[in-house]
Colleague: 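Below are the structure tokens for one structure; questions will follow.
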There are 2 protein chains.
Amino acid sequence: MLKKDEMPSIPTLEDVARASGVSTATVSRCLNAPDRVSEKTRKRVMKAVQDLGYAPNFGAQALAAKRTNTFGAVIPTIENAIFARGLQAFGEELHRAGVTLLVASSSYDPAREEEQIRALVARGADGLLLIGHDRHERCYDFLERRQIPHIAAWVYDSGCDRLAIGFDNREAMTALASEVIGLGHRRLGYITAEIVGNDRARARLEGVKAAMAEHGLDPDTLIVRGTEYSFQEGADAFAEIMAQPNPPTAVLCGNDVLAVGAVKQALNLGLRVPQDVSITGFDDISVADIVTPGLTTVHVPHWEMGARAAQMLLQLRNGEDRPDSVRLDTYIARRGSLGPPS
Amino acid sequence: MLKKDEMPSIPTLEDVARASGVSTATVSRCLNAPDRVSEKTRKRVMKAVQDLGYAPNFGAQALAAKRTNTFGAVIPTIENAIFARGLQAFGEELHRAGVTLLVASSSYDPAREEEQIRALVARGADGLLLIGHDRHERCYDFLERRQIPHIAAWVYDSGCDRLAIGFDNREAMTALASEVIGLGHRRLGYITAEIVGNDRARARLEGVKAAMAEHGLDPDTLIVRGTEYSFQEGADAFAEIMAQPNPPTAVLCGNDVLAVGAVKQALNLGLRVPQDVSITGFDDISVADIVTPGLTTVHVPHWEMGARAAQMLLQLRNGEDRPDSVRLDTYIARRGSLGPPS
DNA sequence: ATTGTTCATGTCAGGGCTTGCATTGAGTTA
DNA sequence: TAACTCAATGCAAGCCCTGACATGAACAAT
């Protein structure tokens, strides 16, 4: 209970110093480099810190120390689960290193992403996790000028020399599409998210076309529907594709969210999966195993990707040598949603 | 391309001032109150800002201005979708008001939550969104002393006078359980998350027991399994419950994630839902409609809750009167997973 | 010509913390 | 005891920005 006029002012380092009879420098050291202070003093100071409920002023601290022990991540969406697992891993790994993670979401909007990057950096992020490589050169200039370590996840593109950890989206999708075609499917549909500003989506689409070309199918016959990422959008797009005359026997989806929506829709339309139509996803998020039938999809090592991204970024932040980009492997998780055409 | 030794130092206000031949104060005004500066000067200054790639130093700005236009949210988990939608709404609404949202996750760990609250406040959050009321008094002291506006979401408890927006978890669950019992179910199972430090989970469990008592069933006969939140954990807990001698005819779950896991498991076990066993959830997240059969669950107005939380917090931050806590309504979303016992 | 107004702009004192360097004093060695 | 270490601590200069206040020029009113 606070008494009437006791304006509850926020304690500062100086208050702590006064209360424990030392200088502010010593208090600061107690907090940041405890072993450079005698145990006796430290105890006394810590008690004062407790008693006063002192917490450092972040602004002042950042200003003086030029670091914050905070990393940031800008992801396209938090509303669906695509990045959740990797992000969680990223966060856990950082936590272990005493670093706080702040997350911002861009809603797949490049302008918004740039804004969020700036916001995070302005707030003192010592390192940044980004998704994909597709952003304005200006963003990179900004980060480089401030020497903010950053890493792109969910992509690995040997043609790009920016630091990245991920997998080859194109190749992974080619592998899956090849399997689909190998089962005998000739008429294919594809549901994708907006490909502008999304290199992963673009690469995946290319991957499908590459597989088609490779197997002697004309990539232009691929029926493509672009949409947003949500179960509902996936379902709608699927319905549209299947409403075509001579509909495809297999519909590949740019990610699991779309695919799960598609599977659900197939059920609604009275189509049997995979007898009447096969459906595949990408990402292997947990919901892929929830629909019936389970989704055949590209398994992505989310946890490893997030955790290693954290390690690499920490390494960078600590001034160690820039690590090499990491290419992770994906594999096809085979469940019930893909079968031969009948 | 940077030349050899040109250490790319970060431009400060002073650099901009020098480059444009004005004082730092004028530059500051250009950025924060453009109409108090003549157009000619402003243009010149803005050009310098562009040319130098200036961006204000957040720490210094926070230190000097004592505000940041940043709100924070600490949610228990980002790995599953329970809070995603509400959070997205919260963020959108803030964005509209020019406020940046920073998100931290506590992994359902109270100590971690406290840490995150401090981290966010230290980083200058002008307002905070929290989930539930269940936290150490110390957290509240901390927030009050710093006069940080904060609001609890996902709860409405008339017995608690802290600002909140949400629904009555207990009552909502009682309504659902009553419906289950009303259909004739007598042996009930319940899957919940850890109830320590989670008032929502606790209230929901109480809700089930209250409904039982109300309908003349002995609450102690409720078969309860506690677990973590994930599809898999839900599935496992469900299997355990059903392995009992004389298993329940209906299993209620503390949230949709658990429930979806349970439905999937039922399928695996060859149990028909709802003929052999009914299953219900709570939250009505999008995946509730993905499983087969669809999940009967308590619908929560996620979007409205998030958006209004933002409005209330903004109101508070702007020094307006403290709004009243808001009680939102829930309803039962009836899908296929609940039916009479057979 | 004098005084008063009004703007645009400049000056400068913080704001809370870290850190390089200086100081102190207890302990060691000769 | 004197000289020397070295760990513990203090001092004070920033870090970059904001905002209250001061200044001064242009113009209007008298």
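Side chains are part of it too, since the values below use all heavy atoms of this structure and drop only hydrogens, waters and symmetry mates. Note on naming: letters A, B, ... go to the chains in the order of the sequence lines (proteins, then strands), and numbering restarts at 1 for each one.
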Colleague: Parallel, tilted or perpendicular: which describes the rings of B:Phe83 and B:Trp154, with under 30° parallel and over 60° perpendicular?
Modeller: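 Because their plane-to-plane angle is over 60°, the rings of B:Phe83 and B:Trp154 count as perpendicular.
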Colleague: I'd like to know if B:Glu115 pairs up with B:Arg118 as an ion pair, taking the criterion as any Lys NZ or Arg NE/NH1/NH2 lying under 4.0 Å from an Asp or Glu carboxylate oxygen.
Modeller: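 Salt bridge absent between B:Glu115 and B:Arg118.
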Colleague: Given that A:Asp35 and B:Asn32 both sit by DNA chain D, which one's nearest nucleotide is further toward the 5' end?
Modeller: A:Asp35
Colleague: Rounded to the Å, how far apart are A:Arg44 CZ and D:dA8 C1'?
Modeller: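 One finds 12 Å between C1' of D:dA8 and CZ of A:Arg44, rounded.
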Colleague: If you check the B:Leu13 side chain, which of D:dT18, D:dG10, C:dC17 turns out closest?
Modeller: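 So the side chain of B:Leu13 is nearest to D:dT18.
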Colleague: Would you say A:Ser38 places a side-chain N or O within less than 4.0 Å of OP1 or OP2 belonging to D:dT9?
Modeller: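 For A:Ser38, the contact criterion (side-chain N or O under 4.0 Å from OP1 or OP2 of D:dT9) is met.
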Colleague: A:Ala25 has a side chain; which of C:dT19, C:dC17, C:dA8 sits nearest to it?
Modeller: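 Nucleotide nearest to A:Ala25's side chain: C:dT19.
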Colleague: Using the side-chain heavy atoms of B:Ser28, tell me which of these nucleotides is nearest: C:dT9, D:dT18, C:dC17.
Modeller: D:dT18
Colleague: Grab the CD-C1' distance between B:Glu14 and D:dG14 for me, whole Å please.
Modeller: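 After rounding, the reported distance stands at 13 Å.
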Colleague: Measure from the side-chain heavy atoms of A:Thr41 and tell me the nearest of D:dT9, C:dG16, D:dC17.
Modeller: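 Nearest nucleotide to the side chain: D:dT9.
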Colleague: Looking at A:Asn57, does any N or O in its side chain come under 4.0 Å of the phosphate oxygens OP1/OP2 on C:dG15?
Modeller: no
Colleague: Which nucleotide, C:dC12, D:dT9, D:dC16, lies nearest any side-chain atom of B:Thr24?
Modeller: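 Selected nucleotide (nearest to the side chain): C:dC12.
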Colleague: Does a salt bridge link A:Asp141 with A:Arg138, judged by any charged N lying under 4.0 Å from a carboxylate O?
Modeller: no
Colleague: Among B:Val155, B:Leu143, B:Ile151, exactly one meets side chain to side chain contact (heavy atoms under 4.5 Å, CB included) together with B:Leu130. Which residue is that?
Modeller: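 Testing each of B:Val155, B:Leu143, B:Ile151 against B:Leu130, the sole residue satisfying side chain to side chain contact (heavy atoms under 4.5 Å, CB included) is B:Leu143.
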Colleague: Return the nearest nucleotide to the side chain of A:Val22; candidates are D:dG10, C:dA8, D:dT18.
Modeller: D:dG10
Colleague: Are any of A:Ser23's side-chain N or O atoms less than 4.0 Å away from OP1 or OP2 of D:dG10?
Modeller: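 So the side-chain polar atoms of A:Ser23 do come within 4.0 Å of the phosphate oxygens OP1 or OP2 of D:dG10, strictly under.
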Colleague: Rounded to the nearest angstrom, tell me the gap between atom CZ in B:Arg36 and atom P in D:dT18.
Modeller: 13 Å
Colleague: To the nearest Å, how far apart are A:Leu31 CG and C:dT19 P?
Modeller: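 Atom CG in A:Leu31 sits about 12 Å away from atom P in C:dT19.
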Colleague: Which nucleotide in the set C:dT18, D:dC17, C:dG16 lies at the smallest distance from any side-chain heavy atom of A:Gln61?
Modeller: C:dT18
Colleague: Which of the following nucleotides, C:dG14, D:dT9, D:dG10, is nearest to the side chain of B:Ala64?
Modeller: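 Of the options given, the side chain of B:Ala64 lies nearest C:dG14.
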Colleague: So that I can tick it off, tell me whether A:Arg135 and A:Glu113 are bridged by a salt bridge, with the cut-off set at under 4.0 angstrom between side-chain N and carboxylate O.
Modeller: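 Judged by the 4.0 Å cut-off on N to carboxylate O distance, A:Glu113 and A:Arg135 do form a salt bridge.
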Colleague: With the side chain of A:Arg29 defined as its heavy atoms from C-beta on, choose the nearest nucleotide among C:dT9, D:dG10, D:dC17.
Modeller: D:dG10
